[in-house]
Amino acid sequence: MNWFVLPHLAWSGLASRAAIALLVVCAPLAAARAADAVSTADAPPQVPDTIQQRVKACSTCHGVHGEGSPGDGVFPRLAGKPAAYLAQQLAYFQHGLRKYAPMEYTVRQLSPAYMEEIAAYFSAQEAPYHQSPVPSVSAAVMERGKQLVERGDSTRGIPSCVSCHGERLTGVEPAMPGLAGLSYDYVSAQIGSWRTHTRAAKSPDCMAIVANRLRDSDITAVAAWLGSLPPPTDMHAQPAGVEKQVLPGWCVASDAGVTP
Amino acid sequence: MKRWIAGLLVVVLVLAALAWMFFPSPRERSPQSALPQVNAATLRDPALIARGEYLAAVGDCAACHTRKGGVRYAGGRSLATPFGNVPASNLTPDPDTGLGRWSFEDFWRALHLGEGRHGELLYPVFSYTSFTKVTHDDALAIFAYLQSLPPVRQASEQPSLRFPYSLRRSLAAWRALYFKPGVYQPDPAQSEQWNRGAYLVQGLGHCNECHATRDALGGLSPDHTLTGGQIPEQNWYAPDLSVNQGGGLEGWNKGDIVDLLKTGQSTKGAAFGPMADVVRKSTQHMTDTDLDAIATYLQSLPARPAAQAPVSRVTFDRKKGAKLYADRCADCHGADGRGVAGIYPPLDGNTSINEPTGINAIRTVLLGGFAPVTAGNPRPYSMPPYAQELNDEDVAAVVSYIRQSWSNKAPAVRPSDVSVYRHTPID
């Protein structure tokens, strides 16, 4: 790098002296570094035999510990989500139920066993939550969001988010994902994708039913409320409750569960 | 170029019109059955069915005849061609939507002659140009296997081809130009192993359907087999397969070829893009004997004429490329571009880096991804996708840098090339 600096310094007499001084000082160092570079060039890079190293294709967007992309929140948090949920979603990308070209290409060559291992890795990570920006919405919209998240809207047949995703919204074992830590953009995009059939689950696709009962303004409200919640103190998914194993009565197998 | 294509199109239309007028439909032309009737008991022979299952994997039939997330062999995948989309048919024995009413003779006609059950000419996206070389016995085994599958009721969509390709009879002209039916004839001067390899590569394996350059009408020249080409619509470059001087696999020994086909990677390179699918679904399941045979045959492909020094005025920012390489690539592929054996492929001398178009390197930088999971490589390492992080200028700089470093001497690529392939659909 030093070599690139030299021509710029040479414009003035002082600078050229400085350059010569720099050259004298740095030449042996540079030579030593060059020799070093030659020796390391001969040795292949040391590659750790870890799952963390193997999943570079995932961590470049989702973070080394599955913390999601900081700031914009475009790439969702994976850390701490139930392993069965993550493995299931990888399979959905592979089978065309979820459509997002970069993910579809990434998971394309994986086996179910390997996808489970990758899911288990990210599920076991404990990364701190970070908040992404939420657009400013009116107090009434926030109130509507709070209502939908905590109590739902029985007049429209919309269950509350917490009824399935857990009181703390950190998910429920074995396969219910957390919503805490997801950005406004990601939540609204995902609800939208259920309506446009670019995201689906095996029937009964409960979220497709919910997404289609929400008004457009409800999507904004839910995403804004979820995105503005303070990070939970306990980030782990709740243990499975016996009564939670049964699908809620409003979610029955129907055509809303789109199969490709 | 455009005038040339228009000229060809006129020729084809004239030929098509002549064919329409003078050729009777193929079913009228040929005797109903030149083959001995196959009885139902033969088709239920478990040994025959097992052999057919293996051969169907060798032919990678499921790759096209299965839609994403669908039942294997039940069809439904739409195959994109420059002339329009053609759906792959349902091969399960459902009577209404699959092959349930087909006799072996019908199947043989499809595979060997490219004719449908009602004598209609089949679109050559179904690679009968290669499958015609498959022997009668192998075809029978495959048919027995397909008939043993549970029937799946799933109708195929109609092809959506543009005129004049939408006229099936226009295929008579295409076939006159590009299709010569005939089972593989062993070369007595070559070993049994070589002949087995040639049979698999030229026939069931239908390697040449991707690894050769198609002309404006989608035809393949018999003078250029396995010399590499851009796969239409998918936009990946399937490299030349000669291991001899000037070949795309120059310097690959038999073991390298077998390793790649069996595990998805070798010390010379890794399978990615469409070839990763081929390895995972087909070649990894082949016997060592067959893989050896394929390698033996490929080893005998002739040296290729030295490519003329490419006249390229494309320039790139070498300093930027070098910095991007050092920051993003060298940790895994090494400052010397040699990669890490068994983990990360070398870039120095890699055929997919040096192929003429630059597509493979561009798209791999954009998409990253995993090597295919195979029995020999169940937990592959992966490459980050850089589509989100690097803009078109960055990708062009780093790809051009790699294509002109170490022993690599391929032309630089332009940012505009990157922009095109950034938006190529992945399927």
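For clarity, every value in this text was computed on a predicted model and none was experimentally measured. Scope of the values below: all heavy atoms of this structure, side chains included, with no hydrogens, waters or symmetry mates. So you know, we letter chains A, B, ... as the sequences are listed, proteins then strands, and number each from 1.
- Ranked by heavy-atom pairs under 4.5 Å with chain A, the first of B:His333, B:Arg379, B:Lys281 is B:Arg379.
- Both the backbone and the side chain of B:Leu367 come within less than 4.5 Å of a heavy atom in chain A.
- Residues B:Tyr344 and B:Tyr381 place their aromatic rings such that the two centres sit under 6.0 Å apart.
- B:Asn90 contributes a side-chain N or O that, together with a main-chain N or O of B:Gln154, makes up a donor-acceptor pair within less than 3.5 Å.
- Looking at A:Glu117, the atoms closer than 4.5 Å to chain B (heavy atoms on both sides) all sit in the side chain, from C-beta outward.
- Heavy-atom pairs under 4.5 Å with chain B were tallied for A:Ile118, A:Val107, A:Thr106; the largest tally goes to A:Thr106.
- A:Asn212 contributes a side-chain N or O that, together with a main-chain N or O of A:Ala208, makes up a donor-acceptor pair within less than 3.5 Å.
- With a 4.5 Å cut-off on non-hydrogen atoms, B:Pro378 touches chain A through its backbone but not through its side chain.
- At a 4.5 Å heavy-atom cutoff, A:Tyr92 makes no contact with chain B through either its backbone or its side chain.
- The backbone N or O of A:Trp194 sits nowhere less than 3.5 Å from a side-chain atom of A:Gln190 that would complete a donor-acceptor pair.
- Only the backbone of B:Ala330 comes within contact range of chain A, with heavy atoms under 4.5 Å apart.
- Both the backbone and the side chain of B:Pro380 come within contact range of chain A, judged by heavy atoms closer than 4.5 Å.
- Cation-pi contact between A:Arg77 and A:Tyr129: present, with separation from the ring centre below 6.0 Å and deviation from the ring axis of at most 45°.
- When each of B:Pro425, B:Cys332, B:Ala387, B:Gly339 is scored by its heavy-atom pairs under 4.5 Å with chain A, the top score falls to B:Cys332.
- Nearest heavy-atom pair, B:Gly368 versus A:Tyr105, reported as atom, atom and distance to 0.1 Å: O-CE2, 3.2 Å.
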Full working for disulfide (SG to SG under 2.5 Å) between A:Cys206 and A:Cys164 = CA-CA 10 Å; A:Cys206 304; A:Cys164 288; over 6 Å; no
